[in-house]
Amino acid sequence: MDAEPEVAGGALRRPRRWRFESLPTGAKLFLILTAALMPLALVALLAALQSNRIADAETRARLRVATSESARALGIELIGDMTALRVALHALDEDPEDAPSCARVQGVFADQLASGARFAIIGPSGVLCSSLRRPMARILYPVSAGPISATIDPGKGLALGLTAPSGRLHAVADFSGEALAQVARPSGFLPAYASVLMRGNDRLPLEGLAGLGPLDRTESLAVPVGIDNLSFEMTVRSAPITSPLIVAMLLPVLMWVAAAVIGWFVVDALLIRPLRALRRAVAAYRPGEVITPPVETTAQEIRELGDTFRAISQTVVAHEAGLAEGLVRQTKLTREVHHRVKNNLQVISSLINFHARGAHGGEARAAYAAIQRRVDALAVVHRNHFAELEETRGLQLRTMVSDLASNIRATAPEDTHLAITLDIDSYLANQDMAIAIAFLLTELIELAMMVQPDAVLRLSLRPSAEPARALLRVSSPALIDGDRLRVLLADRYGRVIEGLARQLRSKLHYEPLTGAYEILVSVTGRD
């Protein structure tokens, strides 16, 4: 069973299934294909990410080994040089004239001196031992005894300093970036790399990594050297972002786009466009026509649906032709029936008139005249209904009341001078309502004529405040309340008038002072 709509907060809330069904077919297909291809896209994406993670892990492992080796080599070299400088510093602190100690230090620094390294031991009186003939232009050294202090000059190199236990002598060694880069170069490391010696925010580039593009990725690792917070950082390229990697990363999007385009093309070409063309052909259908399906499509089901619509329209055409023929026959039969009824009523009226002429006594002739007036009223309705039969809009009340008034005046006794004034709007009514109106008017006119032979009546049919209803009014001085009127109503006319009012499904209002009867009658429209 279908899910029922839920009511929340006084508003009708549709179930979720209804929301999906309201989407266009293309959107539904896109969502279904997306859900179906999502696992494959995730597998492809995870595989690409896993491959990158494995390659990055291998790169980090090689980088860790190379960085540790370079930092260790750099630390050993610098600590060795500074140890020799410390020995000479202590010896000269005890004996400023100890020349062999200075010579030993120069021997230790012999290889570094060729690459731009230099050192100096300075006392209160000046330079005691130096790798240069002249004193260094700028000397950086610690102010107190203790571990080796380091200072990075970004534009020049690395300066390491020592202070003798007495505090009188200081030793300084200055190493260039080229010398440090040669010492820190790892053995057997083939990939290109960049290296930096760091201390805090100061950085001394040793090796550069050229040719980095916007899609290149790098891995960096820093290892302490072991001297005064010095760190050695090495940077290498990680697995590059290549076109296969980009395709693998974008594969989910590519699959979704391809699924949407292919799915929409297939559904639109095979189903949606043919269905739209078929819908337009069905919407343009007019009774009596045969539906022509659109251009042939590759979808067998749509072709069969179009053939079904064509067959249905052909069947409808055949049925409509049969119905039209039957309607013609029925119309002819109905017209014949009404024609015969009208003729029969005229024959009855003629027979009543014939018998009235041979009647003896005024009461008998008056009775025949009353019967003839009612038969004539019914004949007037049938005559007008027969005239409006082709259009079936209803009876024209103005024409009907005019004919009725003429017939009543024609059948009135010779000693009466009846005057009837009409004020009837162009309203239409069905046959049952028209018969009741004709009988009611006949009774009221005859009542006024029986009270006063020369009665003057006014018949009006005007609009009312209620829709689809009109106000029928009959007024005459003869209908003003009086003894004669009350006797006639009690003996003969009262019950008939009340019965006709009930047949009109409305209440009959009587104004005794003005002599007027009013009633609301149902109408089908205006002519």
Side-chain angles (χ1 to χ4, degrees), residues 349 352-353 356-357 359 361-381 383-384 397-425 427 429 434-462 470-504 506-521:
S349 179
I352 293 174
N353 188 27
R357 292 175 184 175
E363 292 185 3
R365 285 193 296 271
Y368 277 118
I371 296 172
Q372 184 178 6
R373 280 191 288 272
R374 285 150 182 80
V375 173
D376 287 342
L378 188 58
V380 167
V381 175
R383 184 166 61 250
N384 284 272
L397 293 180
R398 175 189 288 176
T399 304
M400 186 198 74
V401 174
S402 178
D403 292 346
L404 180 64
S406 299
N407 287 343
I408 293 176
R409 281 195 297 263
T411 59
E414 296 179 358
D415 57 346
T416 60
H417 301 281
L418 188 64
I420 301 176
T421 303
L422 301 181
D423 183 16
I424 308 297
D425 283 3
Y427 282 104
I435 291 174
I437 293 173
F439 281 150
L440 179 61
L441 291 177
T442 301
E443 295 294 331
L444 292 176
I445 294 173
E446 185 176 297
L447 174 61
M449 187 173 59
M450 295 300 293
V451 174
Q452 185 178 340
D454 56 350
V456 177
L457 290 96
R458 178 182 176 82
L459 310 182
S460 65
L461 183 64
R462 309 298 294 172
L471 180 63
L472 178 63
R473 179 183 175 89
V474 179
S475 60
S476 174
L479 297 178
I480 296 176
D481 189 23
D483 296 337
R484 175 65 174 166
L485 179 66
R486 285 195 290 269
V487 171
L488 292 174
L489 288 174
D491 292 344
R492 179 176 177 182
Y493 294 96
R495 288 188 298 175
V496 176
I497 292 174
E498 291 178 0
L500 291 172
R502 285 195 297 269
Q503 187 174 351
L504 290 171
S506 184
K507 184 177 180 181
L508 182 65
H509 298 278
Y510 173 57
E511 298 176 3
L513 298 179
T514 59
Y517 283 91
E518 291 182 349
I519 189 170
L520 291 175
V521 296

Side-chain ([X]) to main-chain ([Y]) donor-acceptor, under 3.5 angstrom:
X	Y	answer
Ser506	Leu520	yes
Ser402	Arg398	no
Ser476	Val456	yes
Arg484	Val451	no

>> Would Tyr510 and Asp481 count as a side-chain contact (heavy atoms from CB on, under 4.5 Å) here? Give the steps.
In response: CA-CA 10 Å; Tyr510 173 57; Asp481 189 23; 3.8 Å; yes

Provide the closest heavy-atom pair for [X] versus [Y] in the form atom of the first, atom of the second, distance.
X	Y	value
Leu504	Ala436	CD2-CB, 3.4 Å
Ala478	Ala455	CB-CB, 3.8 Å
Leu444	Leu479	O-CD2, 4.3 Å

> Do the non-hydrogen side-chain atoms of Val474 and Leu440 ever get within less than 4.5 Å of each other?
Replying inline: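 Side-chain contact under 4.5 Å: no.
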
>> Less than 4.5 Å apart, side chain to side chain, heavy atoms only: is that true for Gln503 and Leu500?
In response: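 A side-chain contact under 4.5 Å exists here.
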
Hey, what do you get for [atom1] ([X]) to [atom2] ([Y]), rounding to the nearest 0.5 Å?
X	Y	atom1	atom2	result
Thr514	Ile480	OG1	CD1	7.5 Å
Leu485	Tyr493	CG	OH	11.0 Å
Glu443	Arg492	CD	CZ	7.5 Å
Leu404	Arg409	CG	CZ	10.0 Å
Leu447	Thr442	CG	OG1	12.5 Å
Leu459	Ser475	CG	OG	8.0 Å

>> Walk me through whether Leu397 and Met400 qualify under side-chain contact (heavy atoms from CB on, under 4.5 Å).
In response: CA-CA 5 Å; Leu397 293 180; Met400 186 198 74; 4.0 Å; yes

> Is the shortest side-chain N to carboxylate O distance from Arg462 to Glu518 below 4.0 Å?
Replying inline: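 Salt bridge absent between Arg462 and Glu518.
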
>> Quick one, Glu498 with Leu508, criterion side-chain contact (heavy atoms from CB on, under 4.5 Å). Give me CA distance, side-chain angles, the key distance, then yes/no.
In response: CA-CA 8 Å; Glu498 291 178 0; Leu508 182 65; over 6 Å; no

> Given Leu457 and Leu418, is the side-chain contact (heavy atoms from CB on, under 4.5 Å) satisfied, shown in steps?
Replying inline: CA-CA 8 Å; Leu457 290 96; Leu418 188 64; 3.4 Å; yes

> Hey, is CZ on Arg495 packed in by over 12 heavy atoms from elsewhere, all under 6.0 Å?
Replying inline: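 Not buried by this count: 12 neighbours or fewer within 6.0 Å.
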
